[in-house]
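Take a look at the structure set out below.
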Amino acid sequence: MSQTEGYPYKTISELYNHPIAEEKVMTKGWVRTRRTTRTVSFVELVDGTTLRSLQIVLPHEKISQERIEAEIHTGASLAVSGILMLTPTRAQPFELIAEDYILYGPADPQSYPLQKKNHSLEFLREISHLRVRTRTFQAIFRIRGGISFAIHKYFQERGFVYVHTPILTPSDCEGAGQLFQVTTLPLYRVPMHPDGRVAYEKDFFGKPAYLTVSGQLEGELLAMGLGKIYTFGPTFRAEPSHTPRHLAEFWMIEPEMAFYDLDMTIDLAEDFIRHLVIYSLTHFEEELAFLQERYEKNLLNELNSIKEENFLRLSYTEAIEVLQRSGRSFQYPVEWGCDLQAEHERYLVEEYARRPVVIYNYPKHIKAFYMRQNEDGKTVAAFDVLFPRVGEVIGGSQREERYDKLIARMQELNMDLFSYQSYLDTRRYGSVPHSGFGLGLERVLLFLTGMTNVRDVIPFFRAAGQMA
RNA sequence: GCCCGCUUAGCUCAGCGGUUAGAGCAUCUGGCUGUUAACCAGAGGGUCGCAGGUUCGAAUCCUGCAGCGGGCGCCA
């Protein structure tokens, strides 16, 4: 590089925000494409700070065509110093007339897998280390990062305390869901007792340990002192689910509020999601426009409708009646007490309501033990939020705070009370009504980005049989 | 876990019993050119996912396996 001094580094985003005519600048990024003519070459440079590219003009009288053609291919990384010229009559508002450049890293065009167009999301999933070089994934991960911030902002501004619940948990203090076991025992020779049981007292914690499937139980304990808390972290499920909506490692947000009943919690859930949609619309206009053009033609309409319309709230019993009156023949028959199947939920959301639906007061036998039993003796104060295109985004409930009712339900389900001592303690000492819900980050991102597979909204996905 | 579909050039795909397997883009070569998914011409590039089988003949039909995708279940 002959001329680096006097060329301050600016990102492409900074140049778009404040273009200064005839300014000497250096900018750095990756080559999206190159076009060569007799006297100049054009390079489209991107750097991840914006979806827009910067056109670099390389005059052959300053930089030889031979060098350009040998070094600059799609994917190569460069630092370019030059002078910014405004070009209001051209397709781009300005361009950088290069004085010189440094080649940081070449990209062999014979082997570099990315081209300037037309890659399937399936193909890009196979090269998750490189897919972030595409505008699609830059848009998605930019939104993911921004939404994560918006989630913290939402709760922090409302007095919720961000708490860290354990990733490693003891064996049976979780609800349903298959667990990943964590051990330091040698798998090639697991220590056993004579009767064939594993000698867990020799394992790291002296007993079995697993990756968490939810921070809820610990979240409840913390809410019993802090009032309103939320967790935001990774969660693990060892279910071999082969669907576009499931991951083995995913991120979940779980608020838990002392003194909240079911209605207050549903209000919070709806307001929370609406807030995220509005945040996305106001902070990611460029990204959403790109994703709409490329993937989901109705994306902005869908997002805007969330802003304006309330969610439809139906009790489980009402939902069953709607389904029975629909005249539809469903694969799974509809009767009070059945669990709602995907086809039922899809009918309610996409045909009946045509907007997000909240279903509440489910039969107790299809829901978890900790959900608060209603006066009718049949239902519990649980709710799900169902979204178009995505399905269930939130599941939550008012928790059973009455010690006797909780114990009775647990005994009914043959649960081991001993391993829930700390959980039960919160009902023995100063128990209060409280509620919470869990929101799957990746599922919300499907709705926000127009993607259809959760593997495309997390940088490196982990699913059964696949570690990208 | 069950069901369905796909797998042909670096990428996206066509070909679905019959000569040496095709296109667009990408790559390379040449031409043209302040270009905008630049353009024009030419070239290279494929044991048609793998293993069997049927047939005079298989990318094409059958079986098994694998990978990927989708539907269902479980859920967030």
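By convention in this document, chain letters (A, B, ...) are assigned in the order of the sequence lines, proteins followed by strands, and residues within each chain are numbered from 1.
Every residue was checked against the side-chain hydrogen bond (donor to acceptor under 3.5 Å, both in side chains) condition with A/Asn453, not counting sequence neighbours, and none meets it. Considering only residues two or more places apart in sequence or on other chains, A/Lys10 meets the side-chain hydrogen bond (donor to acceptor under 3.5 Å, both in side chains) condition with A/Glu23. Under the salt bridge (charged side-chain N to carboxylate O under 4.0 Å, His left out) criterion, A/Glu22 pairs with no residue at all, not counting sequence neighbours.
A donor N or O paired with an acceptor N or O is found under 3.5 Å between the base of B/G10 and the side-chain atoms of A/Gln115. A/Glu122 contributes no side-chain N or O that forms a donor-acceptor pair with the base of B/G70 under 3.5 Å. One cannot find a donor-acceptor pair under 3.5 Å joining the base of B/U36 and the side-chain atoms of A/Glu44. Between the side chain of A/Arg455 and the base of B/C68 there is no donor-acceptor pair of N/O atoms closer than 3.5 Å. The base of B/C74 is paired with the side chain of A/Ser241 by a donor and an acceptor separated by under 3.5 Å. In this model, a side-chain donor or acceptor of A/His246 finds a partner on the base of B/C75 within 3.5 Å.
Note on residues 335-350 of chain A: pairs passing side-chain hydrogen bond (donor to acceptor under 3.5 Å, both in side chains), not counting sequence neighbours, are A/Thr317-A/Trp336.
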Determine all donor-acceptor pairs shorter than 3.5 Å in which one atom belongs to a side chain in residues 138-146 of chain A; sequence neighbours excluded.
unit_1, atom_1, unit_2, atom_2, d
A/Gln138, NE2, A/Val132, O, 3.1
A/Arg142, NE, A/Glu287, OE2, 3.1
A/Arg142, NH2, A/Gly48, O, 2.0
A/Arg144, NH1, A/Glu442, OE2, 3.0
A/Arg144, NH1, A/Val457, O, 2.9
A/Arg144, NH2, A/Glu442, OE2, 3.1

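OP1 or OP2 of B/C68 sits under 4.0 Å from a side-chain N or O of A/Gln466. Phosphate contact (OP1/OP2 of B/G34, side-chain N/O of A/Ser41, threshold under 4.0 Å): absent. Contact annotation: A/Arg38 side-chain N/O to B/U35 OP1/OP2 distance is not under 4.0 Å.
At whole-Å resolution of the value, CZ in A/Arg245 and C1' in B/G73 are 10 Å apart. Counting to the nearest Å, the C1' atom of B/C74 and the CG atom of A/Asp384 are 13 Å from each other. Put simply, NE2 on A/His60 is 11 Å from C1' on B/U35, counting in whole angstrom units.
With a cut-off of 3.5 Å on both pairing distances, the Watson-Crick or G-U wobble partner of B/A41 is B/U29.
Checked against B/C72, B/G71, B/U35, the side chain of A/Pro244 finds its nearest nucleotide in B/G71.
A/Glu256 contributes no side-chain N or O that, together with a main-chain N or O of A/Gln216, makes up a donor-acceptor pair within less than 3.5 Å.
A/Glu126 comes within 4.0 angstrom of no nucleic acid atom, judged by non-hydrogen atoms across all strands. When heavy atoms are screened at a 4.0 angstrom cut-off, A/Thr243 is found touching base atoms of the nucleic acid.
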Taking only nitrogen or oxygen atoms into account, show me every contact under 3.5 Å that the protein makes with nucleotides 27-30 of chain B, one pair per line with its distance.
unit_1, atom_1, unit_2, atom_2, d
B/U27, O2', A/Gln110, OE1, 3.2
B/U27, O2', A/Gln110, NE2, 2.4

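For B/A76, the base is stacked against the aromatic ring of A/Phe250, per a cut-off of 5.5 Å between centres and 30° between planes.
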